[in-house]
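Values below: all heavy atoms of this structure, side chains included; hydrogens, waters and symmetry mates excluded. First listed ligand is number 1; within each ligand, the first listed atom is number 1. These figures come from a predicted structure and were not determined experimentally.
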Amino acid sequence: MLEVINVKVKYKSRRGVIEALRGVSLRLNNPLLVAVIGPSGSGKTTLLKAIAGRIPYEGSIKVMGLEVKDNKRKMDELVFYLPVGEVLINDLTVNESVELASMSNHGGSVSVGSLLEWLGLSNLGNRRIIELSTGEKRRVELTVALIKGRRVILIDEPTVGLDEDNARRVGELLKAASRQGRLVIVATHDPILLEYSDLVYGMRDGLLHLYL
Ligand SMILES: Nc1ncnc2c1ncn2[C@@H]1O[C@H](COP(=O)(O)OP(=O)(O)O)[C@@H](O)[C@H]1O
Ligand SMILES: [Mg+2]
């Protein structure tokens, strides 16, 4: 599903060139929930962005056998990337956000109603996103990610700002997504999320190591 070979990413800034990834390799052929942990600035976000095709990289990244940088449009159907913070349009209601997501669903087979119910969101359908709590908002974001039906789901800090109950719901949701055949990779600091992960990698100074 995902093959990363000797990937390097450099950022040019006024301070000079920063090598954020210094030769990362990773091969994941099964749908799993994978966590990447590591100190701030170690390169976690950069790795997710590179896999999502959002930034230039050296080396090779293949999703479902396709080189990411040469197949950007195809990647929109295969990879879902959720950056830290907002992706939702605050003016839409929960139902409208979910409907919007189903329009760009490429062959996924998730029932919108049952997913919302399972997440405890059914009664929030007519609420606008801006009126939700952080935990509710995060769950709607994840619902949107799942409905979009991508094979690879990359989420940056999925539980940031959530209390333990909400963090556990997110953990269960991500685990369920992996059991439905998606490869889910999260960048996180959250020990709760690690309990749900099948594999944990540690990132340090732009290098990735198997951790657990
Ligand atoms: N757009 C950017 N321009 C310049 N440097 C960046 C940029 N984004 C990240 N960096 C640098 O790259 C390194 C890795 O950052 P990042 O991938 O965001 O780490 P993490 O997500 O683990 O906190 C850090 O040194 C950071 O300052
Ligand atoms: Mg980050």
Regarding [X] and [Y], does a basic nitrogen lie under 4.0 Å from an acidic carboxylate oxygen?
X      : Y      : result
Lys74  : Glu77  : yes
Glu172 : Lys175 : no
Asp70  : Lys62  : no

Can you confirm whether Arg204 is buried at CZ, in the sense that more than 12 heavy atoms of other residues, nucleotides or ligands lie under 6.0 Å from that atom? no
With salt bridge (Lys or Arg N to Asp or Glu O under 4.0 Å) as the test, would you mind laying out the steps for Asp190 and Arg168 before giving the verdict? CA-CA 11 Å; Asp190 187 348; Arg168 290 197 179 279; over 6 Å; no
Has Ser40 got an N/O/S atom less than 2.8 Å from the Mg ion (ligand 2)? no
Are there any N/O pairs under 3.5 Å between ligand 1 and the protein, and if so, what are their distances?
unit_1   : atom_1 : unit_2 : atom_2 : d
ligand 1 : 17 (O) : Thr46  : N      : 2.9
ligand 1 : 17 (O) : Thr46  : OG1    : 2.5
ligand 1 : 19 (O) : Gly43  : N      : 3.1
ligand 1 : 21 (O) : Thr45  : N      : 2.9
ligand 1 : 21 (O) : Thr45  : OG1    : 2.8
ligand 1 : 22 (O) : Ser42  : N      : 3.2
ligand 1 : 22 (O) : Ser42  : OG     : 3.4
ligand 1 : 22 (O) : Gly43  : N      : 3.0
ligand 1 : 22 (O) : Lys44  : N      : 3.0
ligand 1 : 22 (O) : Lys44  : NZ     : 2.8
ligand 1 : 23 (O) : Gly41  : N      : 2.6

Just checking, any donor-acceptor pair under 3.5 angstrom between side chains of Ser60 and Glu67? yes
